[in-house]
Amino acid sequence: MTAWALGVLGGMVVTGSAWAQEPPTQASEPAATPTQAPANAPPPAADAPIALPPPATEAAAPVSVTLEEAIARALKANPQVAQASGNVTNSEAAERSAVGAYLPNLSASANGSLSSSRRIDPETGVVTSGSNDTYSAGLAASWNVFTGGQRSANRKQTRAQTSAAEAQLVAQRANAVLEVERSFYEVLRAEGLEEVARSRIERAKQNAEAAERRLAVGSATRSDLLRAQLDHTTAREALRTAETQRESAALSLGRLIGEEGPVGARPLPEETPRPIALTPEALLVELEANAPAVLAAAATLKATEAGVSAAKATYLPTVRLSAGYDWFNQDASFTGGSTSWSVRLGLSYPIFDGFLREERVQRARTSERVSQAQLADTRRALRSGAAQALAQIRLAADRIGFSEQAVEVAREDLKVQQERYRLGATTILDLLTSQESLVQAEINLVSSRFDYRIARAELEALAGRPL
């Protein structure tokens, strides 16, 4: 397979001067103005390199934001956050309605009626025409004296629903922050990988130039030059891959913050791994007590428990007090007329309603059992997620230290191999192997740094606050 690749690359060998004049990367070349090829132009050779179009992000520089700006804009544009905020507003309105059930209802009414009428005069027996006009107004009030505890149960239920909605809002905001942080870090990760690929391209060009010089004096073989060119092609492919990843991450970041198109990420200061202020045991205790997901599940359980009480209240009678004051007049005048008032105290009790009460109670109890299971599962998921996040933080922190050491060692080894190859004391394979070790160490360092940031962001999302 290697021999075949070297043979294909043999047709792509260029002169030393043309190789030296090649720009470092294809991404940095200015886009040429497209021209129409002549009709009689010969077709391109089968082994000619294909000119790839520049990435779309090169046409216009994307908007660049800081992490704080991205988070602020994402919280405004995130639909889940907007929905959670609306749920809080709706729950507060329902809570006011539950308090209002303790107050009496008051209503006013006014009516006017104009109609014609025909009647028989009892003395003459003649049919006469006239009008029958009426005007009325009334004021009515009613108050539920006793509802079997339904009002208090509804009030507890709405309070718990408001608490659950507020906790869900905090959780949704934390999830939105985590999502935008992940996308932001992925943009920076891709930019770091681009830098690694550009450095690799520069070293590959230097290796090719060294191979050309040794080939010219007869101290190297053509295979050395082909291997160097293959390494250069691989480096350019890695650069294009990193550019594509950056463009994809920039588009994702733009969607999250409400921007039409890709959005760049401004560089962050290098962060040194720092320990969590709390011990793992203390952190788990705090998360189980104050994590937004646990608070929301616990508040939902309280709401379903109050719903059971509200459903059972329908088995008790309802006592209602009502009063009214009415005024009637046949003339369009506020003077005269007749008035009346009324006071009523009534009791109602549904003896049989087709098992509707039993159905409501059963549904409420089912919701209560489901809420209990959800609360227990939320606590288990929280403990598992926190333990995994802590393990990832420790692993990423260790990898940062290991990768920094590996980069330092690989750089020194590459310097030695470059000098040995220049002097003819080693082969191109040893040089490329040393260079590949440096590239992999640099990639691991870039990835481990952002893996650490993402793992810490995941733990903070579980806690609902910075740690």
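FYI, the numbering just counts along the sequence from 1.
Rounding to the nearest 0.5 Å gives a distance of 11.0 Å between CG of Leu301 and OG of Ser367. With rounding to the nearest 0.5 Å, the separation of OG1 in Thr378 from CD in Glu288 is 11.5 Å.
Residue Arg379 places its CZ atom among 12 or fewer non-hydrogen atoms of other residues, nucleotides or ligands, all under 6.0 Å distant. Heavy atoms from other residues, nucleotides or ligands lying under 6.0 Å from CZ of Phe352 number more than 12. Other residues, nucleotides and ligands contribute over 12 non-hydrogen atoms within 6.0 Å of the CZ atom of Arg203.
When all heavy atoms of Gln161 and Ser91 are compared, the closest pair comes out as O-OG, 3.7 Å.
With Glu69 contributing its side chain and Thr66 its backbone, the two residues share a donor-acceptor pair below 3.5 Å.
One finds a salt bridge joining Arg411 and Glu442 here, because a Lys/Arg side-chain nitrogen approaches an Asp/Glu carboxylate oxygen to under 4.0 Å. Contact check on Arg363 versus Glu359 returns a salt bridge, with a Lys/Arg side-chain nitrogen under 4.0 Å from an Asp/Glu carboxylate oxygen.
No side-chain heavy atom of Val263 sits under 4.5 Å from any side-chain heavy atom of Arg73. With a 4.5 Å cut-off on side-chain heavy atoms, Arg453 and Glu181 do not count as touching.
Remark: Arg151 is positioned above the aromatic ring of Tyr102, its terminal NZ or CZ atom under 6.0 angstrom from the ring centre and at most 45 degrees off the axis.
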Worked check of side chain to side chain contact (heavy atoms under 4.5 Å, CB included) between Glu408 and Glu404: CA-CA 6 Å; Glu408 183 178 358; Glu404 289 176 346; over 6 Å; no
